Amino acid sequence: MSDKSYYNLSQQYSGQAKDPTFIEESLCRQDRQHWLTNHFIIKDKDGQIRPMNPLKQSQIKLLKLYEWCQENNKPCRIIILKARKTGISTLIEGLMLQECWLRGIDGMVIAHNRPTAEFIYSIASRFESRYTLSKPKKSQSSVRKMTFEGEGMIMVETANNVQAGTGLTPHYIHGSEVSKWHKGSSVAVSLFQSIGDGPDTTVILESTANGYDSLFHPMWENADKYCKINWVKRDGDIFPEIDILDSENFNGYLPYFISVFDDPDYSKPFDDDEEKSRFSQTLDETEQNLMERYQVSLEQLNWYRYCLRQKCQGDIDIRRQEFPATPEEAFVSSGRNFLDLSKLNLQPVEDARNGYLIRDERWNRDIRFISDKSEDLSIFRDPVKTHRYAMGVDTAEGILPGGSSSRDPDRSVACVLDLDDGCRQVAILAGHIPEEPFSEMVALLGHYYSNAGPGCAICPEVSGYGTLLCTYLGNNYPRHMLYHRKDFLKDSPRRSRQIGWKTSVTSRPILLGDLKTAINERSIIIHDKETIRELQRLQYNNRGKVEGSGGYHDDRVFALALALQQVKSYPALLTPRKSDSLSPFSEREGGDSIDPVTGY
């Protein structure tokens, strides 16, 4: 708090201006950051007892999110994915104690085990015992509960107690290391039912990642998918700009990620300039990418390597989980990954423009993109007239992913790549869309990226409802711009009359193998965050089959893989072939009753 603010408040309370304690307490209640940094005492990493001053940038951002909820009269719901030892639990406890003293609320801390619960309680206990301004007297105190005269208490529980919160009505809940709650979903049912939905209630869940757990991971993914937070600087301070993309599906939690590089403590200086110069010449591809995308310093990378050796037993997966640089790399699965996660982390994830396409009814019949955040089409790059495009289409079959406890069936997905811009992902259409409207949308998307240029070639998968899509495209899209199947069992594969890719025991390894090669060689550029997430979860099951792990979908993966197959076939499609030059694939296999469009 500035001296000017102090003077102004002194003038406001002129009758008590001679009492500096009164003025200071009034300042604290108007400025939480001043209150925390001047009167809340911590024990830091070096064992020093000192005021919580200055706040780290990560702590300031959390405080700003908390204040945003209060200023907008909304219940405070925040979910935090973080690196280790960032000081977040300390700030959350400070805010809880402030609310307890100001409004007499009941606060509850839920940790994954008893030692952690007691440690977090000791933070609040230190705040209370070393506080020098006026405060409510304690009426009861134990190793797990602090009660104040009149109203207000703070208590701790462990997530092993599935009845945590039952019979209570807490106003402030701090969930610590939620991903490690052994009975996470069961505890959540009891705990979240106990708190009200009013604007004066708070739930803050924080955790490092722990694979694809059943509670924290899906909650984080929902929040991160449907809520975007942009930080802006104004008048020397920082403020959040919050955009809710889909209020109907949004779980209400503001997502806040704290990277290992957000903490100034995670930096290791060099002994001299010569050592720094030698270090800079040994950077690998991942480290160079971190410097380019996130402006990470050499000193931070020096600590990052030190952390791998000293804190993570040389295991990169442990470092990704405990000290993540990005949200995408934090969730490390225990299964056998099909793809190299370090290669996926190099992909430049971007935000897209959501909307839909519409064809003008005027004489020129132009196709226009209309922005609408609620729509299923995401555009990363607009069409370029001289560029060639390839689209892969995976049609939904209404299947629930294996091992899934949700009732979320697969989606119909179309993915568009720009061949003349490094096979860059330029658009993706994904949603629970009925077959006929989806077929129309795919054709319209293809025409949009064919706008007076070489054209957008389409590779649809033929399985289940994919047959309807192939039939529609055969009647409403240039036939020579559609993928025609090949017999991979022949020494010289030839195109057939059949439209679309048919996934089989023979063709599936080719489909996924080409995708793996493209990612490893970085010959494809992926911008869609959800596609990256599905690729990260692509694993070998117990039978050696590659599929989405942990009950997650792989629709975007296969749409992308199909687009790559169309990339391989694009040059051969520029000249329309004669309709009778080849026999249908199934006819050569001995089949009959061939449909003239699909080949079935």
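Keep in mind that what you see is a predicted model, and the values were worked out from it rather than measured.
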>> Run the ring pair (Phe, Tyr, Trp, His ring centres under 6.0 Å) test on F279 and F270 for me, step by step, so that the C-alpha distance in whole Å, both residues' side-chain angles and the decisive distance to 0.1 Å come before the verdict.
In response: CA-CA 9 Å; F279 181 89; F270 297 95; 5.2 Å; yes
>> Between Y226 and F250, is the ring pair (Phe, Tyr, Trp, His ring centres under 6.0 Å) condition met? List the steps.
In response: CA-CA 6 Å; Y226 296 120; F250 178 46; 7.4 Å; no
>> Using side-chain hydrogen bond (donor to acceptor under 3.5 Å, both in side chains), reason through S507 and S504 one step at a time and then give a plain yes or no.
In response: CA-CA 5 Å; S507 64; S504 64; 3.2 Å; yes
>> Let's go through L429 and V413 carefully: what are the C-alpha distance in whole Å and the side-chain angles of both, what is the deciding distance for side-chain contact (heavy atoms from CB on, under 4.5 Å) to 0.1 Å, and is it a yes or a no?
In response: CA-CA 5 Å; L429 171 67; V413 180; over 6 Å; no
> What's the verdict on side-chain contact (heavy atoms from CB on, under 4.5 Å) for F558 and L511, showing C-alpha distance, side-chain angles and the deciding distance?
Replying inline: CA-CA 8 Å; F558 279 90; L511 189 70; 3.5 Å; yes
> Going through the checks in order, is the salt bridge (charged side-chain N to carboxylate O under 4.0 Å, His left out) test met by K82 and E177?
Replying inline: CA-CA 10 Å; K82 63 185 184 70; E177 291 298 337; 3.6 Å; yes
>> Applying salt bridge (charged side-chain N to carboxylate O under 4.0 Å, His left out) to K56 and D263, what does each step give before you reach the verdict?
In response: CA-CA 7 Å; K56 297 178 179 180; D263 193 321; 3.0 Å; yes
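The side-chain heavy atoms of T531 and V557, taken from C-beta on, include no pair separated by under 4.5 Å. M391 is not listed as a side-chain neighbour of Q566, based on a closest heavy-atom distance of 4.5 Å or more. Counting heavy atoms from C-beta outward, L344 and E328 have side chains that stay 4.5 Å or more apart. At a threshold of 4.5 Å between non-hydrogen side-chain atoms, the residues C470 and E461 do not count as touching. Looking only at side-chain heavy atoms (C-beta outward), Y256 and I79 stay at 4.5 Å or farther from each other. When side chains are defined from C-beta on, D554 counts as touching L538, because their heavy atoms get closer than 4.5 Å. Counting heavy atoms from C-beta on, the side chains of H112 and H182 never come closer than 4.5 Å. Side-chain contact between S176 and E206: present, with at least one pair of heavy atoms (C-beta onward) separated by less than 4.5 Å.
Side-chain polar atoms of N337 and Q539 form a donor-acceptor pair below 3.5 angstrom. Side chain to side chain, N113 and T116 meet the donor-acceptor criterion of an N or O pair below 3.5 Å. Judged by distance alone, the side chains of Q347 and H527 never bring a donor and an acceptor atom under 3.5 Å apart. Side-chain contact annotation: N210 with D213, donor-acceptor N/O pair under 3.5 Å absent. Side-chain contact annotation: T208 with Q321, donor-acceptor N/O pair under 3.5 Å absent.
By the 30° and 60° cut-offs, the orientation of the rings of W220 relative to F216 is parallel. Between W501 and Y483, the two ring planes are tilted [angle within 30° to 60°]. Below 30°, between 30° and 60°, or above 60°: for W303 and F323 the angle between ring planes is above 60°, a perpendicular geometry.
A pairwise comparison of heavy atoms in P454 and H387 identifies CD-O, 3.3 Å as the closest pair. Heavy-atom minimum distance, D410 versus H432: O-CD2, 3.4 Å. The shortest non-hydrogen separation linking T395 to G466 is OG1-CA, 3.8 Å. In terms of heavy atoms, A209 sits closest to A330 at CB-O, 3.2 Å. Pairing each heavy atom of R77 with each of C69, the nearest pair is N-SG, 4.5 Å. When every heavy atom of R293 is checked against every heavy atom of V349, the shortest pair comes out as NH2-N, 3.8 Å.
Note that the OG atom of S58 and the CG atom of D262 stand 6.5 Å from one another [nearest 0.5 Å]. Atom CG in N354 sits 9.0 Å away from atom CD1 in I379 (nearest 0.5 Å). The SG atom of C423 sits 6.5 Å away from the CG atom of L564 when rounded to the nearest 0.5 Å. To the nearest 0.5 Å, the span separating CD on E329 from OG1 on T326 amounts to 4.0 Å. Put simply, CG on N222 and NE2 on H217 are 11.5 Å apart, with the number rounded to the nearest 0.5 Å. Between atom CG of residue D418 and atom CD1 of residue I524 there is a gap of 11.5 Å, rounded to the nearest 0.5 Å.
Contact check on E287 versus R305 returns a salt bridge, with a Lys/Arg side-chain nitrogen under 4.0 Å from an Asp/Glu carboxylate oxygen. Using a cut-off of 4.0 Å between Lys/Arg side-chain N and Asp/Glu carboxylate O, K529 and E350 are scored as not salt-bridged. Between K373 and D243, at least one side-chain nitrogen of the basic residue sits less than 4.0 Å from a carboxylate oxygen of the acidic one, meeting the salt-bridge criterion. Taking a cutoff of 4.0 Å between a charged side-chain nitrogen and a carboxylate oxygen, R388 and D420 qualify as a salt bridge. E241 has no carboxylate O lying under 4.0 Å from a charged side-chain N of R234, or vice versa, which leaves the two without a salt bridge. A salt bridge links D317 with R320: the distance from a Lys NZ or Arg NE/NH1/NH2 to an Asp or Glu carboxylate oxygen falls below 4.0 Å. Under the 4.0 Å criterion applied to side-chain N and carboxylate O atoms, D528 and R533 are not assigned as salt-bridge partners. Comment: D340 does not engage K343 in a salt bridge, judged by the lack of any side-chain N to carboxylate O separation of less than 4.0 angstrom. Salt bridge status for R556 with E530: absent, with no side-chain N to carboxylate O gap under 4.0 Å. Between E299 and K268 there is no salt bridge, since no side-chain N of the basic residue sits under 4.0 Å from a carboxylate O of the acidic one. Comment: D237 engages K64 in a salt bridge, judged by a side-chain N to carboxylate O separation of less than 4.0 angstrom.
Distance alone, capped at 3.5 Å, is enough to place a donor-acceptor pair between the K228 side chain and the D224 backbone.
The cationic atom of R537 (NZ for Lys, CZ for Arg) does not lie both less than 6.0 Å from the six-membered ring centre of F331 and within 45° of the ring axis. Both tests hold for R319 against Y304: distance to the six-membered ring centre under 6.0 Å, angle to the ring axis within 45°. Both tests hold for K516 against F338: distance to the six-membered ring centre under 6.0 Å, angle to the ring axis within 45°.
Atom CD of Q310 is surrounded by more than 12 heavy atoms from other residues, nucleotides or ligands within 6.0 Å. For CG of D284, the number of neighbouring non-hydrogen atoms (other residues, nucleotides, ligands) closer than 6.0 Å is greater than 12. In K45, the NZ atom is crowded: over 12 heavy atoms of neighbouring residues, nucleotides or ligands sit closer than 6.0 Å. Atom NZ of K311 sits in a sparse spot, with 12 or fewer heavy atoms from other residues, nucleotides or ligands closer than 6.0 Å.
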